[in-house]
There are 2 protein chains.
Amino acid sequence: MRGTPLALSGLLRDIGVRHQGARSLRAGQSLFRQGDKATAIFEVERGRIQLLRHTADGRRVILFTAGAGQALAEAALFSPRYHCDGVAAADACVRFFRKEALLAAFRKNPDLAERFMALLARQVQSLRAQLEVRNIRSARERILRHLSLAARGDTVLVDGTLKDLASTLGLTHEALYRTMAALERDGAIRRKGRAIRIAAGGRDRA
Amino acid sequence: MRGTPLALSGLLRDIGVRHQGARSLRAGQSLFRQGDKATAIFEVERGRIQLLRHTADGRRVILFTAGAGQALAEAALFSPRYHCDGVAAADACVRFFRKEALLAAFRKNPDLAERFMALLARQVQSLRAQLEVRNIRSARERILRHLSLAARGDTVLVDGTLKDLASTLGLTHEALYRTMAALERDGAIRRKGRAIRIAAGGRDRA
DNA sequence: CGGCGTTTTGAGAGAGCTCAACATCGGTGG
DNA sequence: CCACCGATGTTGAGCTCTCTCAAAACGCCG
């Protein structure tokens with residue numbers, strides 16, 4: 001669920017693209033640096049990779065944090081150089097896909113190209129939905145909407161930590177815990193370990 | 001600037017795709033409905049189109065609001081039906097691009113396909129950056145970061161209203177006005193009509 | 001000129017953040 | 001097997017910052 005309510009189950013690997021290798025990184029290690037020639041795009045297998053940009057005065061700005069199962073630096077496919085740093089926020093393992101190989105494959109195989117487009121289109125859709133969720137001020141409403149977007153049927157299976165969930169929702173973990181407890185007290189949701197079931201009238205009681 | 005800090009200058013039309021027509025809508029009118037056969041994707045020329053989904057209990061959820069220059073329902077290219085409603089939030093005019101025509105063009109012309117992918121990839125990038133900006137709690141910091149991402153050189157040209165800017169930043173317009181005034185008082189930025197210049201040490205004084 | 005939407009400033013309240021303490025769980029090593 | 005440790009999960013209390021409600025100046029267009 002990390003970072004995506006409409007889970008993009010699977011990614012490059014699943015559309016039939018073969019990766020050209022993998023690489024392990026220790027927390028803090030760089031995968032690539034701003035200005036490096038862009039030779040590949042990546043998919044996080046384990047851990048977390050952050051895209052960082054450095055401002056003129058040397059401050060770090062996090063542009064994006066990619067968790068397991070998320071693609072990284074797709075835009076580099078169409079740009080000669082990486083426009084930011086890619087650094088491991090925790091010990092991580094990434095698969096990499098060489099640019100020329102990918103682009104060549106797309107040209108040779110329109111089906112593959114189409115699947116990749118579909119992947120990107122779904123990402124756009126999912127990101128927009130996330131952005132819209134962030135427009136909701138109330139923690140309660142925001143959580144409920146996220147859950148109802150992420151739900152399969154009436155249940156959501158949280159596959160990261162609740163802390164991660166809090167940060168993807170733009171809440172502190174305390175606020176998330178408290179509000180979830182309140183929601184459960186009110187009967188709007190019911191929790192059983194990783195599974196959260198949304199009550200039929202959950203959204204009414206909001 | 002609406003909805004995109006890293007301005008996606010131009011869209012489908014600019015990558016060489018020809019549209020198959022245009023349509024005007026009055027505020028409140030539907031462009032398409034959830035479950036309709038997906039026959040086209042769109043680009044907003046004027047006004048605003050909202051993507052809405054209806055929950056089981058009949059409540060409307062806004063998934064996305066597309067302003068002038070933004071594409072709409074790209075994901076429909078790869079889905080047989082629209083998965084939400086497209087409704088005009090204000091009087092609007094949209095260009096439409098037929099699915100089969102687009103997909104056929106992509107298959108026949110790999111360059112075009114590649115440009116479309118690039119478009120999607122840049123959108124993904126931009127949306128992620130927006131999401132990351134939303135993680136900043138402080139209005140002051142959030143505005144400064146948005147500005148530094150949106151800046152060309154040291155100046156930002158705001159091309160919507162400041163109210164629009166406030167909503168893309170997830171702030172009330174009052175908070176935006178107040179904070180911008182404070183930033184100007186502190187010398188972090190300087191405004192001249194539509195142009196905002198960021199002072200060299202703007203981010204230090206935050 | 002008159003009306004409407006944007007821009008601007010004021011004052012107050014509420015929601016979420018911050019800091020803090022504690023419980024719980026899973027892994028690690030003696 | 002148990003003691004220990006770190007990270008996650010949970011709850012409490014106070015405070016700050018933004019939202020909300022309100023009012024007024026400004027600019028634009030018919």
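First the proteins, then the strands, lettered A, B, ... as listed; each starts at 1.
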Check the pair A:L171, A:T179 against side chain to side chain contact (heavy atoms under 4.5 Å, CB included), reporting the backbone distance first and the verdict last.
CA-CA 10 Å; A:L171 295 169; A:T179 311; 5.8 Å; no

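- Under the 3.5 Å distance criterion, the side-chain polar atoms of A:R23 are left unmatched by any main-chain donor or acceptor of A:F96.
- The backbone N or O of A:L103 sits nowhere less than 3.5 Å from a side-chain atom of B:E114 that would complete a donor-acceptor pair.
- A donor-acceptor pair under 3.5 Å is formed between the side chain of A:R142 and the backbone N or O of A:G170.
- Between B:Y82 and B:F32, the ring-plane angle classifies as parallel under the 30° and 60° cut-offs.
- Partner A:L147 forms a side-chain contact (heavy atoms from CB on, under 4.5 Å) with one of A:V158, A:L169, A:I196 and no other, that one being A:I196.
- Residue B:R191 places no side-chain atom within donor-acceptor reach of the base of C:dT8, judged by atom type and a 3.5 Å distance cut-off alone.
- The end-to-end axis angle of the helix from C:dT7-D:dA24 to C:dG30-D:dC1, rounded to 10 degrees and based on five pairs per end, is 40°.
- For the pair A:R134 CZ and C:dG16 C1', the computed distance is 14 Å after rounding to whole Å.
- Here C:dC22 presents its P atom at 16 Å from CZ of A:R178, a figure rounded to the nearest Å.
- Atom-to-atom, CG of A:L176 to P of C:dG16 comes out at 12 Å; the value is rounded to the nearest Å.
- For DNA chain D, the outermost nucleotides in 5' to 3' order that have an atom under 4.0 Å from a heavy atom of chain A are D:dT8 to D:dC19.
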Hey, mind stepping through B:F42 and B:Q70 against side chain to side chain contact (heavy atoms under 4.5 Å, CB included) and telling me if it holds?
CA-CA 8 Å; B:F42 309 90; B:Q70 292 194 292; over 6 Å; no

Under the side chain to side chain contact (heavy atoms under 4.5 Å, CB included) criterion, do B:R128 and A:Q123 qualify, and how do the steps go?
CA-CA 10 Å; B:R128 281 177 181 168; A:Q123 272 192 60; 3.2 Å; yes

Assess the residue pair A:D186 and A:R140 against the criterion (side chain to side chain contact (heavy atoms under 4.5 Å, CB included)); give the C-alpha distance rounded to whole Å, side-chain angles, the decisive distance to 0.1 Å, and a yes or no.
CA-CA 11 Å; A:D186 299 356; A:R140 188 191 178 96; 3.0 Å; yes

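- Within a 6.0 Å sphere centred on CZ of B:R191, other residues, nucleotides and ligands contribute more than 12 heavy atoms.
- In terms of modelled atom types and a separation under 3.5 Å, the side chain of A:R190 and the main chain of A:R197 share no donor-acceptor contact.
- Atom CZ of A:R137 and atom C1' of C:dA13 are 16 Å apart (whole Å).
- For A:A181 and B:A175, each mapped to the nucleotide of DNA chain D holding its nearest heavy atom, the one lying further toward the 5' end belongs to A:A181.
- If you find the closest nucleotide of DNA chain C to A:H173 and to A:S138, the one lying nearer the 5' end belongs to A:S138.
- Side-chain atoms of A:R140 stay outside donor-acceptor range of the base of C:dG16, with no qualifying N/O pair under 3.5 Å.
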Would you list the protein and nucleotides 4-6 of chain C atom pairs, both N or O, that sit under 3.5 Å from each other?
unit_1 : atom_1 : unit_2 : atom_2 : d
C:dT6  : OP2    : B:K163 : NZ     : 3.2

